[in-house]
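Just the heavy atoms: all of them, side chains too, but no hydrogens, waters or symmetry mates, feed the values below.
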Amino acid sequence: MKKQFKLAMLVALLISATWATAQKRPRQFELKADSLKFWELVPKDAKLELVSGGMGFTEGPVWDPAGFVYVSDEVINKIFRIYPDGHKEELISLGDPDGNTYDENRQLIDCASVLRAIIRIKPDGTYTVLADRYQGKRLNSPNDVIIGPDGAIYFTDPTSDLPKDQKQELDFKGVFRLDAQGQVTLLTKELTEPNGLAFSPDGKRLYVDDSAQKNIRAYDFQPDGTIRNGRIFGEEPGGKGEGVPDGMRLDLAGNLYVTGPGGIWIWDSEGHRLGTIILPEQPANLAWGDPDSKTLYITATTSLYKLKTSATGFVPYPVK
């Protein structure tokens with residue numbers, strides 16, 4: 001009996017060790033199609049390329065026609081220009097920079113979490129605060145930002161990066177519009193933790209994901225800059241540590257590319273899931289780049305990757 005017990009214990013230990021090793025094994029790049037339409041957007045032989053690695057936590061990619069990508073590093077507290085050969089140039093040292101975009105004049109707009117503000121950054125690294133309050137109260141921690149069809153700035157304001165030593169002044173987490181005159185307007189406060197957002201190419205729909213509820217919302221965008229008819233567009237469930245809905249982009253055909261559990265989930269405009277781009281590191285955000293806007297630049301944990309697609313990305317600011 002003792003020998004049998006020892007053998008059983010040994011088998012149990014081996015199974016446990018094998019399971020632990022499997023759990024630690026890194027994910028591999030993989031393309032998983034749920035629809036044949038997926039292969040119209042991502043070639044079966046598409047190759048994921050590592051542009052640059054070894055960073056803290058990457059966010060907010062913006063491709064520049066000069067051939068580099070702006071990337072925020074929320075751990076190192078810097079925004080970099082990253083070039084095709086992987087080398088980095090520091091643009092600015094800034095506490096917990098997050099989502100970025102270009103405005104209509106190709107000026108870099110950043111969600112500065114520690115400043116609790118939306119800022120505009122010049123190429124020399126100096127910046128101007130565009131908004132840091134709503135109705136006299138400080139914003140929480142702006143997370144992601146885009147340019148709307150009307151040229152206004154739209155951003156989400158959860159509490160995920162609210163500095164621990166600072167007090168939350170707003171009693172909600174909102175989605176906001178910032179106009180050219182500096183006026184901040186609340187669009188909705190119904191989301192638990194608003195995160196990534198994007199407009200459809202025709203400018204008629206605004207998508208916002210909720211990282212706490214693990215879903216994507218769709219709203220009808222009005223000519224006056226307001227939104228109506230909020231509804232659930234899609235769900236991106238996943239286990240603990242697998243990732244949540246975060247950054248998103250659309251292609252010119254209206255398909256959504258949303259970071260989520262395991263990688264990038266692709267949806268058509270009707271809310272059908274087309275497939276998933278599984279990545280070796282959990283992605284947080286993405287942006288279209290290269291002269292033809294067919295390459296996805298992906299910020300994934302410690303790295304910047306790129307993936308050539310067959311789709312043409314929708315870029316809301318002019319590419320000069």
Evaluation steps, side chain to side chain contact (heavy atoms under 4.5 Å, CB included), between Trp267 and Arg273: CA-CA 4 Å; Trp267 305 81; Arg273 181 180 172 183; 3.9 Å; yes
Steps toward side chain to side chain contact (heavy atoms under 4.5 Å, CB included) verdict (His272, Lys37): CA-CA 10 Å; His272 303 121; Lys37 188 178 177 182; over 6 Å; no
Steps toward side chain to side chain contact (heavy atoms under 4.5 Å, CB included) verdict (Glu74, Asp161): CA-CA 10 Å; Glu74 295 188 49; Asp161 290 322; 3.5 Å; yes
CA sep, side-chain torsions, deciding dist, call: Tyr154, Phe199, ring pair (Phe, Tyr, Trp, His ring centres under 6.0 Å): CA-CA 10 Å; Tyr154 292 78; Phe199 278 99; 5.1 Å; yes
Stepwise side chain to side chain contact (heavy atoms under 4.5 Å, CB included) test for Val315 and Tyr102: CA-CA 10 Å; Val315 181; Tyr102 269 145; over 6 Å; no
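Under the 4.5 Å side-chain criterion, counting only non-hydrogen atoms from C-beta, Pro245 is in contact with Lys214. Put simply, the side chain of Ile118 does not reach to within 4.5 Å of the side chain of Phe176, judged on heavy atoms. Using a 4.5 Å heavy-atom cutoff, the side chains of Lys189 and Leu170 are not in contact. Considering only heavy atoms from C-beta on, Thr302 stays 4.5 Å or farther from Val75 through its side chain. Taking 4.5 Å as the limit, every side-chain heavy atom of Arg116 sits out of range of all side-chain heavy atoms of Asp132. No side-chain heavy atom of Glu236 sits under 4.5 Å from any side-chain heavy atom of Asp209.
No donor-acceptor contact under 3.5 angstrom links the side chains of Gln168 and Thr159, judged on distance only. No side-chain donor from either of Asp210 and Asn215 sits under 3.5 Å from a side-chain acceptor of the other. Side-chain atoms of Asp179 and Thr185 include no donor-acceptor pair closer than 3.5 Å. Looking at Asp64 and Tyr70, their side chains never bring a donor and an acceptor atom within 3.5 Å of each other. For Ser211 and Glu193, the side-chain atoms include no donor-acceptor pair closer than 3.5 Å.
Between Arg177 and Asp150, at least one side-chain nitrogen of the basic residue sits less than 4.0 Å from a carboxylate oxygen of the acidic one, meeting the salt-bridge criterion. Ion pairing between Asp292 and Lys308 holds under the 4.0 Å rule for side-chain N and carboxylate O.
Across every non-hydrogen atom of Asp110 and Asp98, the tightest pair is OD1-N, 3.5 Å. Nearest heavy-atom pair, Asn100 versus Gly60, reported as atom, atom and distance to 0.1 Å: ND2-O, 2.9 Å. The two atoms that bring Asp144 and Gly196 nearest to each other are OD2-CA, 3.6 Å, heavy atoms only. The nearest pair of heavy atoms linking Asn285 to Glu59 is ND2-OE1, 2.9 Å. Shown here for Pro280 and Tyr305, the closest heavy-atom pair between the two residues is CG-OH, 3.6 Å. When all heavy atoms are compared, the tightest approach of Asp96 to Val114 is CB-CG2, 3.8 Å.
Of the candidates Leu94, Ile109, Leu108, Ile119 forms a side chain to side chain contact (heavy atoms under 4.5 Å, CB included) with just one, namely Leu94. Residue Tyr207 is tested with Leu250, Val258, Leu197 for a side chain to side chain contact (heavy atoms under 4.5 Å, CB included); the sole match is Leu250. Exactly one of Ile277, Thr276, Asp268 qualifies for a side chain to side chain contact (heavy atoms under 4.5 Å, CB included) with Phe38. That residue is Ile277. Paired with Val175 under the rule side chain to side chain contact (heavy atoms under 4.5 Å, CB included), one option of Leu186, Asp157, Thr188 passes, and it is Thr188.
Enclosure of atom CZ in Arg231 by more than 12 non-hydrogen atoms of other residues, nucleotides or ligands within 6.0 angstrom is indicated.
Listed for the Glu169 side chain is no donor-acceptor partner under 3.5 Å among the backbone atoms of Leu139. Within the 3.5 Å criterion, the main-chain N or O of Ser141 finds no donor-acceptor partner in the side chain of Ser113. Judged by distance alone, with hydrogens and angles left aside, the side-chain atoms of Arg205 form a donor-acceptor pair with the main-chain N or O of Ser269 at under 3.5 Å. The backbone N or O of Arg120 lies less than 3.5 Å from no partner atom in the side chain of Thr128, so there is not a single donor-acceptor pair. Ser303 places no side-chain N or O within 3.5 Å of a backbone atom of Gly53 that could act as its donor or acceptor partner. The backbone N or O of Ser310 sits less than 3.5 Å from a side-chain atom of Lys294, completing a donor-acceptor pair.
A single hydrophobic cluster is seen to contain both Val62 and Tyr127, as judged by linkage of ILVMFWY side chains at heavy-atom distances under 4.5 Å, directly or through other members.
To the nearest 0.5 Å, atoms CH2 (Trp288) and CG (Asp251) are separated by 5.5 Å.
When ring centroids are compared, Tyr219 and Phe221 stay outside the 6.0 Å threshold.
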